[in-house]
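Comments concern the structure below.
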Amino acid sequence: PNLDSLEVIPNGDARIGQFIGTFDNSGTFYVNNQKVLGPGGTGWATTSHHMFTEPCDVPSVYSLHVVDAEVSEDGSTGLGGVIASITHCGEVITTSAKWKCIATDIPAGSAPDASWNEVGFDDGLWETATTYGHPDRASALARGAGDFVPDIQYAAQWIWTSDAEGHDDIYCRYVSN
């Protein structure tokens, strides 16, 4: 590798961010159109921990592409969900109703434009994320997950589109100033 240009970022620098989250069943996490994690599966009670570095002097967009692959032997579908807490630039961003989501596995649905995970993308037609509970045991049991999600901020909530059983391929985004 060419090490002519190596930026060393000191520990504790606000540009160093951390994603702690889980996807049901598989997902990819981006910051400012840079893939940080995925695609990968986790499961209801398994969290992924990933570090990233992005500047703090401009708005940031945190975005997720999540696929729920559960269909039981009798053909019934399972619930989709994603929950995360993201620490970056002195903020803690949690999945909540502040996120916007869109399903692509609907009639006439398609993947969003390639700029979907950039700050300037117009998500005006996307729906507000629907929340399905916190990362505690009671919420997990209510969703049929069977256990809680460790390490994620309690303020985080499971999110998806308004149809957590019917939609299986979604994109979600949150823009932070």
Side-chain angles (χ1 to χ4, degrees), residues 18-31 33 35-50 52 61-86 92-118 121 123-176:
Q18 181 178 29
F19 169 90
I20 302 174
T22 187
F23 309 108
D24 177 29
N25 290 97
S26 176
T28 306
F29 170 65
Y30 302 85
V31 179
N33 202 12
K35 183 166 66 171
V36 174
L37 157 70
T42 51
W44 287 105
T46 304
T47 54
S48 291
H49 297 244
H50 290 276
F52 60 90
V61 63
Y62 306 94
S63 47
L64 304 157
H65 176 209
V66 188
V67 176
D68 177 39
E70 294 176 320
V71 176
S72 68
E73 291 178 9
D74 66 5
S76 61
T77 59
L79 296 174
V82 58
I83 190 168
S85 53
I86 304 155
V92 176
I93 297 106
T94 57
T95 47
S96 68
K98 293 179 180 178
W99 288 64
K100 302 282 292 266
C101 298
I102 191 169
T104 62
D105 59 339
I106 56 175
S110 62
D113 181 273
S115 65
W116 74 275
N117 51 12
E118 294 178 6
F121 179 79
D123 59 14
L125 296 178
W126 291 30
E127 68 179 272
T128 299
T130 300
T131 60
Y132 294 95
H134 294 280
D136 62 319
R137 184 167 179 75
S139 295
L141 290 172
R143 285 186 53 82
D147 209 346
F148 72 101
V149 182
D151 302 328
I152 295 175
Q153 296 277 331
Y154 183 77
Q157 296 184 49
W158 287 98
I159 63 169
W160 203 255
T161 61
S162 56
D163 188 354
E165 285 191 50
H167 297 158
D168 292 321
D169 190 351
I170 70 160
Y171 292 78
C172 296
R173 50 184 270 120
Y174 174 84
V175 179
S176 174

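Only heavy atoms go into these numbers, but all of them, side chains included; no hydrogens, no water, no symmetry mates. The structure displayed is predicted, hence computed values, not measured ones.
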Closest approach of [X] and [Y], non-hydrogen atoms and distance?
X	Y	answer
N33	E118	ND2-OE2, 2.9 Å
G80	D68	N-OD2, 3.4 Å
A129	I159	CB-CB, 4.0 Å
L64	F23	CD2-CE2, 3.7 Å
T130	S162	OG1-CA, 3.3 Å
Y62	W99	O-CZ3, 3.5 Å

Using modelled atom types only, decide if a donor and an acceptor are shared between the side chain of W160 and the backbone of Y132 within a distance under 3.5 Å.
-> no
Criterion side-chain contact (heavy atoms from CB on, under 4.5 Å) against S63, the qualifying member of F121, Y171, W116, Y174 |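 Exactly one option meets the side-chain contact (heavy atoms from CB on, under 4.5 Å) with S63, and it is W116.
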Rounded to the nearest 0.5 Å, what separation is found between the [atom1] atom of [X] and the [atom2] atom of [Y]?
X	Y	atom1	atom2	value
D123	I102	CG	CD1	9.5 Å
I86	Q18	CD1	CD	10.5 Å
F19	I93	CZ	CD1	12.0 Å
Q153	T94	CD	OG1	8.0 Å
I83	T95	CD1	OG1	5.0 Å
D168	T161	CG	OG1	9.0 Å

Evaluate the side-chain proximity of W126 to P112: yes if any heavy-atom separation is below 4.5 Å, no if none is.
->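 Yes, side chains in contact.
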Could you check if a side-chain atom of H65 sits within less than 4.5 angstrom of a side-chain atom of D169, using non-hydrogen atoms only?
->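 Yes - at least one pair of side-chain heavy atoms lies under 4.5 Å apart.
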With distance as the sole criterion, is a donor-acceptor pair present between the side chains of T131 and Q157 under 3.5 Å?
-> yes
